[in-house]
Amino acid sequence: MRYLKLPRDYYQSLDVVKLSQGLLGKFIVTEQNGLRTAGMIVETEAYRGAEDRASHAYNNRRTQRTETMFAQGGVAYVYLCYGMHHLFNVVTGPKDCPHAVLVRAIEPIEGIAFMLERRGMQQLHPRLTAGPGSLSKALGITTALNGSLLTSKSVWIEDRDIQLSKKDILTSPRVGIDYAKEHRDLPWRFRLKNCVWTSKAK
DNA sequence: ACGAAGATTGGCT
DNA sequence: GCCAATCTTCGTC
């Protein structure tokens with residue numbers, strides 16, 4: 001099997017909803033101080049840039065924080081939520097088109113011992129990497145990686161030839177965005193069906 | 001300069 | 001199920 005690091009081209013699509021589904025079954029890999037950890041993406045949410053009330057970049061709002069979302073697709077947008085959780089997003093689309101995909105859960109694959117240590121856990125359990133704050137902690141992702149190229153040496157995404165079809169994917173509304181009014185119930189949350197590593201559907 | 005709220009999580013009732 | 005933790009961000013004063 002060939003492992004292909006996704007090239008920057010992959011992230012240029014204008015259709016963030018489709019790309020959000022396409023990232024399911026891909027692998028996030030991090031490497032820090034020689035420690036390598038990886039997991040398969042099993043749950044994502046699409047944030048459709050300027051037109052999406054749930055997006056930080058709604059109405060093309062440019063601030064110091066959201067500037068990363070306006071970069072050309074293929075970089076990481078990592079921000080601190082509730083003062084303690086580092087949330088990992090994949091910036092997509094061309095420059096100045098602030099689309100992003102929030103990764104919400106992964107299946108741990110490589111470096112599980114390191115992940116357990118980072119999380120202060122003894123036993124392998126879905127809690128290890130279910131939820132955006134949890135998976136970031138397990139993979140050692142912090143806001144220090146904000147703006148990093150996803151083709152860098154410390155964080156990237158790989159295609160490992162996992163083939164998925166529409167029937168493998170479950171669709172539901174996004175969570176934690178009650179403020180988003182008419183965009184609150186859009187079915188832009190995607191997960192692998194029958195996968196124990198995701199959180200429960202809304 | 002101030003303060004409210006947040007794309008969440010885990011512990012306790 | 002409820003609620004505190006914890007701190008950056010951003011709108012408002």
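Per chain, numbering begins at 1; letters A, B, ... match sequence-line order.
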Exercise. Once each nucleotide of nucleotides 2-7 of chain C is scored for protein heavy atoms under 4.0 Å, what B/S/- sequence comes out, 5' to 3'?
Worked result: ---BBB
Got a donor-acceptor contact below 3.5 angstrom from the [X] side chain to the [Y] backbone?
X        : Y        : result
A:Arg53  : A:Ile177 : no
A:Lys26  : A:Met40  : no
A:His183 : A:Ala54  : no
A:Arg174 : A:Leu186 : no

Check the distance between [N]'s [atom2] and [X]'s [atom1] and give it to me in whole angstrom.
X        : N     : atom1 : atom2 : answer
A:Glu43  : B:dA7 : CD    : P     : 16 Å
A:Phe88  : B:dT8 : CZ    : P     : 16 Å
A:Arg184 : B:dA7 : CZ    : C1'   : 15 Å
A:Leu87  : C:dT8 : CG    : P     : 15 Å

Exercise. Got a sec, which pairs hit salt bridge (Lys or Arg N to Asp or Glu O under 4.0 Å) with one end in residues 118-127 of chain A, sequence neighbours left out?
Worked result: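 Not a single pair qualifies under salt bridge (Lys or Arg N to Asp or Glu O under 4.0 Å).
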For this session: Can you tell me which stems DNA chain B forms, taking runs of 3 or more consecutive Watson-Crick or G-U pairs with both distances under 3.5 Å?
Result: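 Counting only runs of 3 or more consecutive pairs, the stems involving DNA chain B are B:1-6 with C:7-12, B:8-12 with C:1-5.
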Taking only distance into account, with no hydrogens and no angle test, what donor-acceptor pairs under 3.5 Å do side-chain atoms of residues 142-149 of chain A form with protein atoms, sequence neighbours excluded?
unit_1	atom_1	unit_2	atom_2	d
A:Thr142	OG1	A:Ala144	N	3.1
A:Asn146	OD1	A:Thr68	OG1	3.3
A:Asn146	OD1	A:Val78	N	3.1
A:Asn146	ND2	A:Thr68	OG1	3.1
A:Ser148	OG	A:Leu145	O	2.9

For this session: Go through the steps to decide whether A:His56 and A:Tyr47 satisfy the test ring pair (Phe, Tyr, Trp, His ring centres under 6.0 Å), and finish with yes or no.
Result: CA-CA 9 Å; A:His56 290 161; A:Tyr47 284 86; 7.6 Å; no
For this session: Validate the cation-pi geometry between A:Arg65 and A:Tyr79: distance from NZ or CZ to the six-membered ring centre under 6.0 Å, angle to the ring axis within 45°.
Result: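 Yes, a cation-pi geometry.
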Problem set entry | cation_pi(A:Arg62, A:Phe70) dist<6.0 Å, angle<=45 |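 Yes.
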Exercise. Does a donor on one side chain sit under 3.5 Å from an acceptor on the other, for A:Arg48 and A:Ser20?
Worked result: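 Side chains of A:Arg48 and A:Ser20: no pair found under 3.5 Å.
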Exercise. Does a donor on one side chain and an acceptor on the other come within less than 3.5 Å for A:Thr30 and A:Thr37?
Worked result: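 Side chains of A:Thr30 and A:Thr37: pair found under 3.5 Å.
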For this session: Name every residue in residues 101-129 of chain A that has at least one heavy atom under 4.0 Å from any atom of DNA chain B, in order of residue number, or write none if there are no such residues.
Result: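 By residue number: A:Leu102, A:Arg104, A:Arg119.
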Exercise. Which parts of residues 51-69 of chain A get close to DNA chain B, meaning a heavy atom less than 4.0 angstrom away?
Worked result: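 Close to the strand are A:Ala54, A:His56, A:Met69.
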For this session: Using the P atom as the reference point in each nucleotide, state the distance between B:dA4 and C:dA4 in Å, no decimals.
Result: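 The answer is 15 Å between these two P atoms.
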Problem set entry | Interatomic distance at C1', B:dA5 relative to C:dC3, whole Å |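 Pairwise C1' distance, B:dA5 against C:dC3, rounds to 16 Å.
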Exercise. Does CD in A:Glu182 sit with more than 12 non-hydrogen atoms of other residues, nucleotides or ligands closer than 6.0 Å?
Worked result: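 Yes, because the 6.0 Å sphere around CD of A:Glu182 holds more than 12 heavy atoms from other groups.
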For this session: Inspect the surroundings of NZ in A:Lys137 and state if more than 12 heavy atoms from other residues, nucleotides or ligands are less than 6.0 Å away.
Result: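 Incorrect, the count does not exceed 12.
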For this session: Please work out if A:Thr143 contacts a base, only the sugar-phosphate, or nothing of the nucleic acid, heavy-atom cut-off 4.0 Å.
Result: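 Contact class for A:Thr143: none.
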